[in-house]
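This report refers to the structure that appears directly beneath it.
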Amino acid sequence: MSHQLDPGADRVLRPRPTRVNGASKTQSNGFHKGSSNLAETTRSRESTPLPEDAPPSAQSISAARQVARASAKKRLFHTIKYEPRASHFDPQSEYSDFRGFFVLFWMSLGIMVITTALKNIKETGYPLRTQVYELLSRNVLTLAFADGLMVLSTAASVYFQKIFRNSKGILQWRKAGFWIQSIYQAIWLFIWVEWPFVLEWTWTAQVFFALHTLTFLMKMHSYAFYNGHLSETERRLRALDRPDPSQSLEKAVIYPTSPARLRQLSTDSSSSSEHEKAEERAEKEREALTELRHNLATELTSPMGNVTFPQNLTFANYADYVLCPTLCYELEYPRTSHIRWLEVFYKTLAVFGCIFLMTVVSEEFITPILADATIRLRVTPGFSDKALILAESISLMLFPFMIEFLLTFLTIWEYALGAFAELSCFADRHFYSDWWNCEDWLEFSREWNIPVYNFLKRHVFFATKAYTNTSVAMIMTFLISSFGHELIMGCISMKLRGYAIFAMMLQLPIVAIQRSKFVRGRWILNNACFWGSMILGISSMASLYVLV
């Protein structure tokens with residue numbers, strides 16, 4: 001028994017020295033007692049024999065090693081080193097690599113698909129209850145044509161911006177240009193939201209097209225309003241070339257940007273003393289004018305200094321912006337050196353794989369429950385019985401919708417955006433943070449969808465805050481976000497009920513409660529409440545929109 005335990009322990013805990021040529025093999029017939037056998041074992045395990053003229057220090061080290069090996073061989077049980085250490089899941093642990101659970105997640109989904117296919121073969125003779133390929137491919141051609149036309153129609157903003165920049169009259173951005181762009185966006189949104197209903201597409205095509213429509217609405221809005229601001233900035237900078245005593249020296253307007261590029265430029269707003277001399281007053285005016293020119297020119301130039309407005313007003317630049325996985329337009333983005341085509345292939349394959357899994361989960365575990373509940377609700381007269389059927393349906397769909405939610409997250413923010421980042425050499429891949437550790441919904445809104453969060457903060461929150469206070473700007477941001485969610489749910493269910501708006505606005509009082517002194521700081525409780533409300537909310541929203 002000592003022969004089986006000890007050599008294995010010696011291999012794991014103590015690295016063996018490299019053997020020299022001709023060294024004898026380790027004895028395999030047990031440990032022999034006696035000094036002669038100890039000397040033989042020591043000689044066979046020594047990596048490099050000491051020369052006869054070795055210094056005393058080297059001889060001492062060699063002797064110490066021989067004694068340590070001999071002592072280890074004489075022990076029946078190897079020594080285990082105990083020291084203060086935390087487990088991997090302990091809050092004090094610095095360990096953060098849990099990729100094995102990611103592998104387990106995909107293996108679990110694979111097991112689900114296999115067991116579902118075997119059950120369906122037994123019951124129906126086919127691996128799937130519905131023809132998933134037929135469901136996904138029914139509107140492919142019309143969807144591709146409509147989607148391409150929808151994306152192409154957003155390029156009208158490039159024409160508009162060129163007209164607004166060159167106009168000397170009413171078509172300037174700050175006059176009629178702002179309203180022309182806003183009206184165009186409203187008409188554009190109405191047309192493309194109604195398009196799937198007119199053609200009676202499948203729900204899968206409607207989900208994709210609705211999400212893509214809202215995505216390009218935000219892209220078009222960011223491009224138009226940022227370039228409109230730059231055209232007015234350029235107009236003001238050119239006006240400073242013509243000396244005018246009545247020229248305003250107010251500080252430059254810095255467009256609200258994403259958090260990564262926040263910067264503040266200001267002029268000296270201190271008023272001149274009545275007793276200052278005329279020369280000092282003139283000097284201050286010249287300094288203010290110089291600083292204003294510098295701030296305006298900085299606003300017209302990209303942070304990396306390679307692009308200056310209006311060099312970006314080209315269709316090639318807009319096409320590049322369309323491919324970039326971002327909703328906030330900038331004059332220039334950080335780029336990678338090349339495209340990793342193998343990575344594009346893997347992420348594209350993962351997108352279609354996730355869509356297949358989402359369709360299987362929906363058709364196998366969600367649609368049958370909703371169909372059965374719809375029939376039962378029609379024949380059940382009592383309100384309490386109907387409420388019980390609704391509650392039962394919600395509970396049965398908790399787990400399937402949790403899987404759908406996680407697959408949606410991976411499909412969009414990890415694989416689809418990652419593939420477009422590779423194709424466009426977009427270097428900033430920070431599309432999400434660790435939202436799974438959120439304590440409240442406000443933190444979740446910042447971390448789970450960073451592109452949309454940056455858009456809302458830049459074009460809604462900051463734009464509203466310029467005319468009102470922070471609280472009103474936050475409420476307006478949540479309200480616009482809730483209208484977007486309501487529109488998506490309406491496109492999926494073909495109903496407008498207001499449930500998504502109510503649920504989104506309900507997050508504000510929930511956040512206030514979670515950040516109160518009685519609940520704040522209790523991470524496990526807050527995170528559990530977040531996950532519980534997330535899973536229950538998704539299932540409840542789907543049941544209400546479909547069944548009520």
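Please read all numbers here as calculations on a predicted model, not as lab measurements.
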Would a 4.5 Å heavy-atom cut-off, applied to side chains only, mark R165 and F309 as touching? yes
ring-ring contact (aromatic ring centres under 6.0 Å, His included) for F420 and F426? Distances and angles first, verdict last. CA-CA 8 Å; F420 277 100; F426 193 79; over 10 Å; no
Identified side-chain hydrogen bond (donor to acceptor under 3.5 Å, both in side chains) partner of E299 from the options H294, R236, H229: H229
Side-chain donor/acceptor of R335 to backbone N/O of S424, under 3.5 Å: yes
Ion pair present between K347 and E422, side-chain N to carboxylate O less than 4.0 angstrom? no
May I ask you to decide if I355's main-chain N or O and T359's side chain share a donor-acceptor pair within less than 3.5 Å? yes
Would a distance-only check, ignoring hydrogens and angles, find a side-chain to backbone donor-acceptor pair under 3.5 Å from T348 to V344? yes
Side chain Y184, main chain S157, donor-acceptor under 3.5 Å: no
Within the side chain of S445, is there an N or O that forms a donor-acceptor pair under 3.5 Å with the backbone of L442? yes
Regarding Y321 and N312, do their side chains bring together a donor and an acceptor under 3.5 Å, going by distance alone? no
In plain terms, say whether R522 and E439 are close enough for a salt bridge, that is, a side-chain N and a carboxylate O under 4.0 Å apart. no
pair F455-K219: side-chain heavy atoms closer than 4.5 Å: no
Spacing of D147 atom CG and L152 atom CG [to the nearest 0.5 Å]: 11.0 Å
Straight-line distance of C438 SG to W531 CH2, nearest 0.5 Å: 9.0 Å
Quick one, N454 and L327 - any side-chain contact, counting heavy atoms below 4.5 Å? no
Any side-chain heavy-atom pair from T477 and T464 closer than 4.5 angstrom? no
Taking only Lys NZ, Arg NE, NH1 and NH2, and the carboxylate oxygens of Asp or Glu, determine whether E443 and R515 approach each other closer than 4.0 Å. no
Strictly distance-based, threshold 3.5 Å: is any side-chain N or O of T468 a donor or acceptor partner for the main-chain N or O of K465? no
Ring center gap for F225 and F178 short of 6.0 angstrom: yes
Spell out, as yes or no, whether a donor-acceptor pair under 3.5 Å connects the side chain of Y545 to the backbone of A500. yes
Spatial distance of atom CG (N317) from atom CD (E332) [nearest 0.5 Å]: 10.0 Å
Are any of the side-chain heavy atoms of L171 and I180 separated by less than 4.5 Å? yes
Taking side chain as C-beta onward, heavy atoms only, is Q185 less than 4.5 Å from Q181? yes
So which of F444, W448, F409 actually passes ring-ring contact (aromatic ring centres under 6.0 Å, His included) with Y432? F409
Polar side-chain atom of N527 near backbone of W523 as donor-acceptor pair, under 3.5 Å: no
Rounded to the nearest 0.5 Å, the NZ atom of K162 sits from the CG atom of N227 at a distance of 11.0 Å
Ring-ring centroid check W436 F101, cutoff 6.0 Å: no
Looking at E232 and R235, is there a salt bridge between them, counting it only when a charged N and a carboxylate O are closer than 4.0 Å? yes
From I510 atom CD1 to N526 atom CG, the distance as rounded to the nearest 0.5 Å: 11.5 Å
Any side-chain heavy atom of L417 sitting closer than 4.5 Å to one from T326? no
Step through it carefully: locate the ring centre of W201, locate the ring centre of F209, and say whether they are under 6.0 Å apart. yes
Could you verify whether a donor N or O on one side chain and an acceptor N or O on the other, from Y318 and T154, lie under 3.5 Å apart? yes
How far apart are the closest heavy atoms of Q311 and N306, and which atoms are they? OE1-O, 4.1 Å
Within the distance-only criterion (no hydrogens, no angle test), does the side chain of D428 pair as donor or acceptor with the backbone N or O of H430 below 3.5 angstrom? yes
Any donor-acceptor pair under 3.5 Å from Q172 side chain to K168 backbone: yes
Let me confirm one number: the CD1-CD distance from I501 to E486, rounded to the nearest 0.5 Å. 4.5 Å
Any side-chain heavy-atom pair of W188 and T213 under 4.5 Å: yes
Measuring centre to centre across the rings, with the benzene-like ring taken for any Trp, is F461 within less than 6.0 Å of F478? no
